[in-house]
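Residue numbers start at 1 and run along the sequence shown.
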Amino acid sequence: SDLGKAPILWTRSRPASRNGPNDLRNKARETLKRENMKKLNLLLGGAAFVAMTSPALAAGLSANGAITTNYVWRGVSQSSNDPAVQGGFDYDLGNGFAVGTWASSISWYGDSPLELDVYGSYTGAITNELGWTVGAIGYLYPNADSSLPTPNFWEPYVGLNWTVDTVALSGKVYYSDDNLGSKTWYYTGGVTIPLDAWLSFSANYGHYTFDPGTDYTDWNLGLAATWKFLTFSATYVDNDLSGSIGKSRVVGMVSVKVSE
């Protein structure tokens, strides 16, 4: 998953609360939201536990789990700058095709405590150093407030990756024809450089366009250290937006991945 989900910016930030005379209803909604978050954290925590404790998985199947100080997607926080629990499963069919699902706790859209992604891809090689990929990602938000515009959307994408010695370069283009009412394009490129057997540096740059909407650019710089099955990372993320949504931040994460 990209580091940062912000199609229509006024909506992808936390919507204005509908406080009114019925304070009991608002309190009930907040209670339900907290209960949903508890259930979600138990679910994702269980996925992370499976990933950390499973000695092996079925051929082609891998599991991942993470705890992050802030879920940032394309330069914008999806968790209101609070920590998030994440986890997922991927299945490599072995012929270039792969499918998977991934989930994270969120706090930006009504009562929905969960983002659930489903995706598939097909990859191939042009040369030993140059490869390509095509795929699609669905971003789903169970229990989203039905009185608000649906936040669910799909993004097909294409990409290239190039390896020069140990340096990995990549670029992708994503498109959605209905992302909260906008047609969107996201262009992104990045580089990963190993500094040691256990340490790597990464940098990414992205540009998000909206029709209608406000275009913006985001970027990040990060270090990742691996120890056994764990990865510890610290990433500086920023964008050219104004206000609190444009605040730069450093995101910490502990993640685990287990495969066959």
Side-chain angles (χ1 to χ4, degrees), residues 1-7 12 60-62 64 66 71-76 78 86 88-104 115-140 152-179 182-194 200-211 213 215-224 231 233 235 237-240 251 253 255 257 259:
S1 178
D2 297 312
L3 190 65
K5 197 143 295 34
R12 291 287 174 176
L61 181 65
S62 63
N64 62 83
Y71 172 26
V72 178
W73 183 83
R74 298 180 183 174
V76 176
Q78 307 303 295
Q86 304 171 337
F89 295 92
D90 297 289
Y91 184 62
D92 184 351
L93 281 72
N95 54 3
F97 287 98
V99 294
T101 184
W102 180 88
S104 177
E115 174 192 328
L116 176 64
D117 299 349
V118 292
Y119 46 85
S121 65
Y122 181 62
T123 60
I126 301 173
T127 68
N128 289 336
E129 296 80 21
L130 183 63
W132 56 268
T133 183
V134 296
I137 306 175
Y139 305 91
L140 310 175
N152 301 336
F153 71 105
W154 287 84
E155 277 187 332
Y157 66 86
V158 297
L160 291 173
N161 56 81
W162 184 32
T163 302
V164 184
D165 293 328
T166 58
V167 177
L169 302 168
S170 64
K172 288 182 179 178
V173 178
Y174 299 81
Y175 172 75
S176 176
D177 65 351
D178 186 7
N179 187 341
S182 287
K183 296 182 185 298
T184 61
W185 291 87
Y186 185 68
Y187 310 89
T188 182
V191 58
T192 301
I193 304 172
S200 64
F201 167 81
S202 64
N204 292 274
Y205 178 90
H207 184 66
Y208 215 164
T209 68
F210 302 84
D211 181 22
D215 303 346
Y216 75 93
T217 298
D218 72 279
W219 55 92
N220 63 74
L221 303 170
L223 289 172
T231 298
S233 64
T235 306
V237 297
D238 204 351
N239 60 54
D240 62 356
V251 177
M253 179 182 290
S255 60
K257 182 175 181 179
S259 55

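The closest donor-acceptor contact from the side chain of Ser121 to the backbone of Val134 lies at 3.5 Å or more, if one exists at all. Judged by distance alone, with hydrogens and angles left aside, the side-chain atoms of Ser176 form a donor-acceptor pair with the main-chain N or O of Trp154 at under 3.5 Å. Between the side chain of Asn220 and the main chain of Thr235, no donor-acceptor pair closer than 3.5 Å is present.
Aromatic pair Tyr175/Trp185: ring centres closer than 6.0 Å. Taking the six-membered ring for Trp and the full ring otherwise, the centers of Tyr91 and Phe89 sit at least 6.0 Å from each other.
Annotation for Ala203 and Leu221: closest pair CB-CD2, 3.5 Å, computed over non-hydrogen atoms. When every heavy atom of Thr231 is checked against every heavy atom of Ala224, the shortest pair comes out as CG2-CB, 4.1 Å. Taking every heavy atom of both residues into account, Asn239 and Gly75 meet most closely at ND2-O, 2.7 Å.
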Is there a side-chain contact (heavy atoms from CB on, under 4.5 Å) between Thr133 and Lys172? Walk through the geometry before answering.
CA-CA 9 Å; Thr133 183; Lys172 288 182 179 178; 4.2 Å; yes
Apply the test side-chain contact (heavy atoms from CB on, under 4.5 Å) to residues Leu116 and Thr101: give CA-CA distance (whole Å), side-chain angles for both, the deciding distance (0.1 Å), then the verdict.
CA-CA 7 Å; Leu116 176 64; Thr101 184; 3.4 Å; yes
Is there a side-chain contact (heavy atoms from CB on, under 4.5 Å) between Phe210 and Asp215 once you walk through the steps?
CA-CA 6 Å; Phe210 302 84; Asp215 303 346; 4.1 Å; yes
Between Val251 and Tyr71, does the side-chain contact (heavy atoms from CB on, under 4.5 Å) criterion hold? Intermediate values first, please.
CA-CA 8 Å; Val251 177; Tyr71 172 26; over 6 Å; no
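Between the CH2 atom in Trp102 and the CG atom in Asp90 there is a gap of 11.5 Å [rounded to 0.5 Å]. One finds the CG atom of Leu160 at 11.0 Å from the CG atom of Leu169 (value rounded to the nearest 0.5 Å). Distance CG/Asp211 to OG1/Thr184: 10.0 Å, rounded to 0.5 Å. Taking CD of Glu115 as the start and CG of Asn152 as the end, the distance is 10.0 Å to the nearest 0.5 Å. Residue Trp132 holds its CH2 atom at 8.5 Å from CD1 of Ile126, rounded to the nearest 0.5 Å. Atom OG1 in Thr123 sits 7.5 Å away from atom CG in Asp92 (nearest 0.5 Å).
Heavy-atom contacts from other residues, nucleotides or ligands closer than 6.0 Å to CG of Asn95 number more than 12. Within 6.0 Å of the CH2 atom in Trp219, the count of heavy atoms belonging to other residues, nucleotides or ligands exceeds 12.
Checked by atom type, the side-chain pair Tyr174/Asn179 shows no donor-acceptor distance below 3.5 Å. Glu155 and Tyr186 form no side-chain donor-acceptor contact under 3.5 Å, judged by distance and modelled atom types alone.
Relative orientation of the Tyr216 and Tyr208 rings is tilted, given thresholds of 30° and 60° on the angle between their planes.
Arg74 has its side chain out of reach of Val76: every pair of non-hydrogen atoms, C-beta onward, lies at least 4.5 Å apart. Put simply, the side chain of Leu93 reaches to within 4.5 Å of the side chain of Val99, judged on heavy atoms. Tyr187 has its side chain within reach of Thr209: a pair of non-hydrogen atoms, C-beta onward, lies under 4.5 Å apart.
Take Phe97 and apply the ring-ring contact (aromatic ring centres under 6.0 Å, His included) test, not counting sequence neighbours, and it matches Tyr122. Evaluation of the side-chain contact (heavy atoms from CB on, under 4.5 Å) rule for Thr127 yields Glu129, Leu130 as partners, not counting sequence neighbours.
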